[in-house]
Amino acid sequence: MRFLRSLIPSLLVLGAGVADAASSWNFDEAVISVIGKGNTGAAFKDKLSDNAPLAKPVTLNAADTLKIILTATENGKAKRPHQAFLLLRDQDTGLEATFPLSVKETGKGKVDFSQKDLPVQLLSSSQPLRATLLLASFGSSQAFSNHIFNLDVKPDPNAPLPKYEKPLRYGKLEEINHIFRADPKSGPKIVSLFFVLAVLATVPVLLGTWLYLGANLDHLSKAVGAAPISHSLFFGSILAMEGIFYLYYYNWTLFETLPAAGVVGLVAFLSGSKALSEVQSRRLAGER
């Protein structure tokens with residue numbers, strides 16, 4: 001008696017484990033239909049079985065739409081699986097295309113597609129496509145994966161098949177020999193000479209304007225005497241900057257021009273500040 005009492009709970013636990021392991025996903029009330037152009041009615045309609053595919057292939061013409069409606073079940077109860085797909089496989093090449101089913105919480109699911117939704121490779125298959133239904137979810141229930149029908153795709157004979165475009169793949173490419181363009185050349189000398197003369201022609205106009213406005217050149221000696229270094233450096237830096245611009249135009253590169261222009265510009269800033277301070281001091285003293 002004691003042996004039987006200890007054995008009965010073990011048998012119950014073992015039976016519960018076997019029953020749990022035997023639970024699996026399946027489907028019920030599955031209907032497949034092919035609807036022609038304009039949705040005037042189903043050109044084909046049949047029920048799908050979970051243990052044997054349809055005897056004849058389902059034909060899908062260019063303007064048709066294939067639709068499948070079913071109820072997913074787990075251990076005989078309607079339930080929404082985590083994964084639900086219809087897989088189409090080319091029996092010659094092994095290429096596959098998957099179409100997800102939209103499934104509600106009640107287990108009601110459907111999927112529909114037409115030829116335009118199929119990859120180009122499957123449209124030119126020489127044999128009917130093998131259609132497999134996949135239902136699975138988390139837990140210990142066994143997934144459902146069975147062949148349920150064959151699909152015979154009939155493209156429009158009057159329309160050319162879409163061409164397959166090879167996808168972009170990242171990998172080793174052919175070596176690219178880059179040819180750098182020639183260094184830029186200066187403009188025509190005649191044009192440059194014209195603008196140089198135009199600039200030089202403004203110098204007399206500038207001097208004449210200073211004399212007309214009453215510029216006092218007598219203060220030049222006082223300015224140089226009061227701050228000879230500042231005024232000399234300031235005037236020299238202006239000439240040096242013009243020389244740098246000329247060298248840049250003639251044969252210097254930008255990397256040679258910028259350092260020299262930076263040094264000369266700094267000298268012009270420092271010496272110009274001192275020179276202008278000297279001029280301001282004379283103006284404050286009442287000199288005109």
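Fair warning: this is a prediction, and the values are worked out from it, not measured in the lab.
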### Query
For residues 267-279, which residue pairs qualify under salt bridge (charged side-chain N to carboxylate O under 4.0 Å, His left out), counting only residues two or more places apart or in two chains?
E278-R282
#### Entry: Minimal non-hydrogen separation, K79 against W25, with atom names
O-CZ3, 3.6 Å
### Query
Where do L122 and A97 come nearest, in terms of heavy atoms and distance?
CD1-CB, 3.6 Å
Once you round to the nearest 0.5 Å, how far does [atom1] of [X] lie from [atom2] of [Y]?
X: D112; Y: S102; atom1: CG; atom2: OG; value: 7.5 Å
X: K154; Y: Q115; atom1: NZ; atom2: CD; value: 10.5 Å
X: I35; Y: K45; atom1: CD1; atom2: NZ; value: 9.0 Å
X: L135; Y: L70; atom1: CG; atom2: CG; value: 6.5 Å
X: D117; Y: L88; atom1: CG; atom2: CG; value: 10.5 Å
X: L133; Y: I148; atom1: CG; atom2: CD1; value: 4.5 Å

Taking everything shown except [X] itself, do over 12 heavy atoms lie less than 6.0 Å from its [atom1]?
X: F99; atom1: CZ; value: yes
X: L266; atom1: CG; value: yes
X: I179; atom1: CD1; value: no

#### Entry: Side-chain donor or acceptor of S124 paired with backbone N/O of Q121 under 3.5 Å
yes
### Derivation and outcome, side-chain contact (heavy atoms from CB on, under 4.5 Å), residues L129 and V153
CA-CA 8 Å; L129 304 177; V153 181; 3.9 Å; yes
Any link between [X] and [Y] through a network of hydrophobic side chains (Ile, Leu, Val, Met, Phe, Trp, Tyr) touching at under 4.5 Å?
X: F113; Y: F149; value: yes
X: I69; Y: L101; value: no
X: V267; Y: M241; value: no
X: L247; Y: V264; value: yes
X: L66; Y: F85; value: no

#### Entry: N26 and its side chain to side chain donor-acceptor pair (under 3.5 Å) partner, picked from D50, T73, N75
D50
### Message
Quick one, I244 with T257, criterion side-chain contact (heavy atoms from CB on, under 4.5 Å). Give me CA distance, side-chain angles, the key distance, then yes/no.
### Response
CA-CA 7 Å; I244 291 173; T257 303; 3.7 Å; yes
### Verdict with supporting geometry, I32 and L54, side-chain contact (heavy atoms from CB on, under 4.5 Å)
CA-CA 10 Å; I32 180 173; L54 295 179; 4.1 Å; yes
### Message
Under a 3.5 Å threshold, yes or no: a donor from one side chain and an acceptor from the other, between S125 and D90?
### Response
yes
